[in-house]
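None of these values were measured; they are calculated from a predicted model. Counting convention: from 1, in listed order, for ligands and their atoms alike.
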Amino acid sequence: MRAAVFEGPEKLVLHNVPDPECGSSDIIVKVADCGICGSDLHSYLEGAFVAPGQIMGHEFSGTVIARGANVQDIAIGDRVTAVPLSVCGRCPRCLEGSTHLCETGLAASIAYGLPGAFAEFVRVPNAVRGGNVHVIPASVDDAAAALVEPLAVALHAAKSAAPLPTDTCVVIGLGSIGVNTVQMLKAMGAGRIIGIDVSAARLNLAREFGADITINGRDEDPLAAVTRITGEGAYGVGARADIVIEASGSAALLSQAISMTRTAGKLRIAALYEGEPAIPANQIVQKEMSVSGTFAYKGEFAEVLQLLDSGRITAAPAITHTFPLEQIEQAFRTQLDKDISIKVQVKP
Ligand SMILES: [Zn+2]
Ligand SMILES: [Zn+2]
């Protein structure tokens, strides 16, 4: 089969590689669409999360073309998307249901150790319908289904913030995770949503997805703008947003996010940072803020498909570009250009 192989920083090369073999508990999926993730960009530029020889691509949809003898309730011809994370099922985190925090399993996952979906076919190991494999409803097309993985990240972040109809929520960084978090907060009934980014295209989509106010960080300092909108925080320090979701990955904006959050407010961190950012830790103490990270998803795939099927959320507006596998380098370059792209997908 044809596959895009990571050979080193900024080097993705199309190769003919052997087709994946279907083990007794596996399925083989003919890939329809596969999105480029923010983490893929770090890998592409710096080799951050993958070694040379890796086939990347973990946000995919496609059709089942083979299934092992032990696989139940998944038929050849089913349209599916799959959770790429492999988990052990036995560690304390797995046993309490937080499989995304598995203490051992993440070493060999699809696109991380195991071959990913920037290829004609991908093998999904230990396929369990409703577990790691989800059959796509007829109302959800292949491109939308390949967006389920990042939508699950966004839903996980929004659920962790648990917005109320009276809450003012700030989302910082409106890439695919941030902008989709805006539509999840909206679907969950958040009171008022403020979106912050420096890209006009992303700010426009945030408004389409339900942001009441958008701030372009190139025009106005984000903390000053949120202070203007929500009022000054206690003792004249910072602002008074009820919920802040940091999805930009900028250390400076993480500091601002802490200052934006009101006394006893909630900060949720959905981005990763280069190095170890210095933060105004005393504010966290004095405000008794709740701060927590939000990583990947646990069980949100099914919920996302339900939300897409019911029309409560949409996928298409966030997919700005689609390239054939042959143009994968161009696809990555387009995803790197924040001014024009939100989600770029590759169609093998
Ligand atoms: Zn992803
Ligand atoms: Zn585990």
With a cut-off of 3.5 Å and sequence neighbours excluded, list every side-chain donor-acceptor pair involving residues 231-240.
| from | atom 1 | to | atom 2 | distance (Å) |
| --- | --- | --- | --- | --- |
| R240 | NE | E232 | O | 2.8 |
| R240 | NH2 | E232 | O | 3.1 |

Distance-only donor-acceptor hits, side chain of residues 273-283, under 3.5 Å, sequence neighbours excluded:
| from | atom 1 | to | atom 2 | distance (Å) |
| --- | --- | --- | --- | --- |
| Y273 | OH | E246 | OE1 | 2.4 |
| Q283 | OE1 | S259 | OG | 3.4 |
| Q283 | OE1 | K287 | NZ | 3.3 |
| Q283 | NE2 | S259 | OG | 3.1 |

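Residues passing the salt bridge (charged side-chain N to carboxylate O under 4.0 Å, His left out) test with E59 are K343, sequence neighbours excluded.
Checking T99 against Y297 by side-chain atom types alone, no donor-acceptor pair falls below 3.5 Å.
Across L307 and L155, no two heavy atoms sit closer than the pair CD1-CD2, 4.2 Å.
Taking 2.8 Å as the limit, the number of protein N, O or S atoms around the Zn ion (ligand 1) is 4.
Within a 6.0 Å sphere centred on CD of Q306, heavy atoms belonging to other residues, nucleotides or ligands number 12 at most.
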